[in-house]
Number of protein chains: 2
Amino acid sequence: MVADPLGRRERKRLATHHALRTAALRLGAERGIRDVTVEEIATAADVSVRTFYDHFPSKEDAIIGFDAWRVGQLRDALASRPIDEAPLEALRVVMGQLFHESSDEWPLRMRAIKADPALMGRMFVSFIAYERALVEVIEQRTGLDSDTDPYPALVTAVATAAFRASMTTARASGGVLDPAATFDAAIARLSSALRPPADEDGNAAC
Amino acid sequence: MVADPLGRRERKRLATHHALRTAALRLGAERGIRDVTVEEIATAADVSVRTFYDHFPSKEDAIIGFDAWRVGQLRDALASRPIDEAPLEALRVVMGQLFHESSDEWPLRMRAIKADPALMGRMFVSFIAYERALVEVIEQRTGLDSDTDPYPALVTAVATAAFRASMTTARASGGVLDPAATFDAAIARLSSALRPPADEDGNAAC
DNA sequence: GAACTAATTGCACATCGTGCAGTCACTTTG
DNA sequence: CAAAGTGACTGCACGATGTGCAATTAGTTC
């Protein structure tokens, strides 16, 4: 018997979490999240409505579902990229991972967004939290202060834009284009314009 | 007496609309929109709660407040830019206008967003609708189809990113940086990477 | 086994957002 | 001008959302 690093309690909690997310994802993809009540999701996962709200702040979050702890995870991943890597390239690697994590959920997520495009906006809301964390890392990497230099906020926002546009395009193409590949291509295209500005040593910006 | 093109009824409606928006903006900037109820806003504007919902779908929309008709306005503005203008440059001109329209409301809007950062997310929920309209125009201008080419969605998303980053940076700088100027600079920086791809005549993309 | 902790639950409550029908002021038509 | 029509505002009812609180139950720690 292999020892599980997680206790039974934690495992059950994760199971509930997963059941709720899966139910929300399935129902949202089928009928559009606006036509699904929290009660339906909770019932499908065989828990109470109150428990749902212990796991997610809203039904939209259960579908978009970027947990708070993943913000820290993403920040650490960005911080551990080689220091000489261009900021946009580092962002490409880190954000690109999002396409591969729990990749079985993405098709359902895409269909749910198609059924209710307002979800794309909600997803954007989640990204704001990500960006705040990522901007801090970019500031450290480049030595630039967001209060005086637009670069950190700009490069992060542009990376998010590429992520978002890739999702939209891949969805519009009906499966012909791959989101991850489209994302990489978009970043490649933008990289020349977004090299970090010259530092105090006088290195060229372009 | 100068003839008013609007009838008395329409004038009263606009007055109510403005009173509601002003009240929402003021209360949201003072206490954060989460701590303000729709009832308070309606009372401040001296109308019923039900009337509020006849003007805005939610209290957040009353603050962010990009009306639906402005989507069409923006689309038309983009469509009437010179056809030989680069797409990103055309977007710069059109979106830059947003900073100048009803400019007296922007300081309050900024304070409301500071009091409740989730509003920034809501703002970009509105932008999704804008982007959908703008992407269509970009498709016509470039002759590219979003279903097969990522360019239209990408260039539009990047323009939005620049807009967003400019707002964030200008706010962080505490008034030192001007949002509109920062936006122009950001677009200028990105323009080289986002020239439209080569068309059927074989014009160079770079 | 006893004390502790955390997940789940029901309940109550304020708030949200919408459908519906009625009133009243303004507008249009004859 | 008078009648018919239209649209803004209103109150009411109702389902749904999201949160605080206290109780229960199951898992964990000592």
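Naming: A, B, ... by sequence-line order, numbering from 1 per chain.
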With no hydrogens and no angle check, do the side chains of A/E89 and A/S191 hold a donor and an acceptor under 3.5 Å apart? no
Sidechain-backbone polar pair: A/T51 side chain, A/V47 backbone, donor-acceptor under 3.5 Å: no
Taking side chain as C-beta onward, heavy atoms only, is B/P179 less than 4.5 Å from B/W106? no
For B/K59 and C/dT18, give me the distance from atom NZ to atom P, rounded to whole Å. 14 Å
Has A/T51 got a side-chain N or O lying under 4.0 Å from the OP1 or OP2 atom of C/dT9? yes
Nucleic acid footprint by protein, nucleotides 25-30 of chain C - heavy-atom cut-off 4.0 Å, B for base, S for sugar-phosphate alone: BBS---
Assign A/H17 to base, sugar-phosphate, or nothing according to its heavy-atom contacts below 4.0 angstrom with the strands shown. nothing
Should A/T16 be listed as having a side-chain N or O under 4.0 Å from OP1 or OP2 of C/dA7? no
Could you check whether B/E39 and B/T37, counting side-chain N and O atoms only, form a donor-acceptor pair closer than 3.5 Å? no
Heavy atoms only, 4.0 Å cut-off, all strands: where does A/V49 land among base, sugar-phosphate and nothing? nothing
Scan B/V38 against the nucleic acid and name what it touches under 4.0 Å (heavy atoms): base, sugar-phosphate only, or nothing. sugar-phosphate
Is the closest side-chain heavy-atom distance between B/P152 and B/R141 below 4.5 Å? no
Do A/S58 and A/D61 get their side chains close enough for a donor-acceptor pair, meaning under 3.5 Å? yes
A/E39 CD to C/dC11 P: how many Å, rounded? 13 Å
Within this structure, what is the CG-to-P distance between A/D46 and C/dA7, rounded to whole angstrom? 19 Å
Is it the case that the side chains of B/T156 and B/E131 hold a donor-acceptor pair, with the cut-off being a distance below 3.5 Å and no angle test? no
If you walk 5' to 3' along DNA chain D, what is the first nucleotide with an atom under 4.0 Å of a heavy atom in chain A, and what is the last? D/dA16 to D/dT28
Atom CZ of B/R34 and atom C1' of C/dC16: how far apart are they, to the nearest Å? 12 Å
Atom-pair distance (CG on B/D54; C1' on C/dA21), nearest Å: 13 Å
Looking only at atom types and distance, does a side-chain atom of B/R111 sit under 3.5 Å from a main-chain N or O of B/G28, one as donor and one as acceptor? no
Would you indicate what B/R13 reaches in the nucleic acid, counting non-hydrogen atoms under 4.0 angstrom: base, sugar-phosphate, or nothing? sugar-phosphate
Side chain to side chain, B/L91 and B/I138, heavy atoms closer than 4.5 Å: yes
